[in-house]
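What follows is one structure encoded as structure tokens, with my remarks underneath.
All figures in this text were calculated on a predicted structure; none of them were measured in a lab.
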Amino acid sequence: MRFFIFSCTVFFLASCSSTVDVPYITSRVWVHNEGARVGDLEAMDFSKGMYECRHDTVFYSGTPAAKITALYKNDNLIQLKTIPKGEDATYLDQVEFTR
């Protein structure tokens, strides 16, 4: 029983920690690839001020818009889940998108 409680606690703490590389994400322009859109624009450009990334959440015009669910640096791909609808969204780095 103790092992079960310990395992649940470790799993819970691991799922709460954020390992999103915010500087990597905000240094790129992400172009919509498939699924839902985050905000009204075709691309997420964090340098323009409309988009902001804090921890694992993307904000659009100051409002939480999506949760980052996966980041694949080798594929230049980011997966998100929109807030509050929970729809999946996939974005590619602009450089990868134009290849």
Anything under 3.5 Å between a donor and an acceptor, one on a side chain of residues 61-71, the other on a protein residue two or more places apart or in another chain? List them.
from	atom 1	to	atom 2	distance (Å)
K67	NZ	D56	OD1	3.4
K67	NZ	D56	OD2	3.3
T69	OG1	Q79	O	3.1

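- In this structure the side chain of E42 reaches within 4.5 angstrom of the side chain of R37, judged on heavy atoms.
- Side chain of T90 to backbone of N33: no donor-acceptor contact under 3.5 angstrom is found.
- One N or O on the side chain of Y51 and one on the backbone of V38 form a donor-acceptor pair closer than 3.5 Å.
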Worksheet entry | Verdict with supporting geometry, L80 and M44, side-chain contact (heavy atoms from CB on, under 4.5 Å) | CA-CA 12 Å; L80 307 111; M44 292 189 299; 4.2 Å; yes
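- Annotation: side-chain contact (heavy atoms from CB on, under 4.5 Å) contacts of D45 (sequence neighbours excluded): V29, S47, K48.
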Worksheet item: Given the rule in the side-chain contact (heavy atoms from CB on, under 4.5 Å) test, do V58 and E52 qualify, once you have shown the distances and angles that lead to the verdict?
Response: CA-CA 6 Å; V58 174; E52 183 181 354; over 6 Å; no
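- For the ring pair (Phe, Tyr, Trp, His ring centres under 6.0 Å) test, no residue two or more places apart in sequence or in another chain qualifies with F59.
- By the side-chain contact (heavy atoms from CB on, under 4.5 Å) test, D75 is found to be paired with Y72, L77, residues two or more places apart in sequence or in another chain being considered.
- W30 places a side-chain N or O within donor-acceptor distance of the main-chain N or O of I25, the cut-off being under 3.5 Å.
- Among residues at least two apart or in separate chains, salt bridge (charged side-chain N to carboxylate O under 4.0 Å, His left out) pairs with a member in residues 24-35 are R28-D93.
- Side-chain heavy atoms closer than 4.5 Å link hydrophobic residues (I, L, V, M, F, W, Y) into clusters, and following such links, even through other members, never connects I83 to F46.
- Between V22 and H55, the shortest heavy-atom distance links the atoms CG2-O, 3.4 Å.
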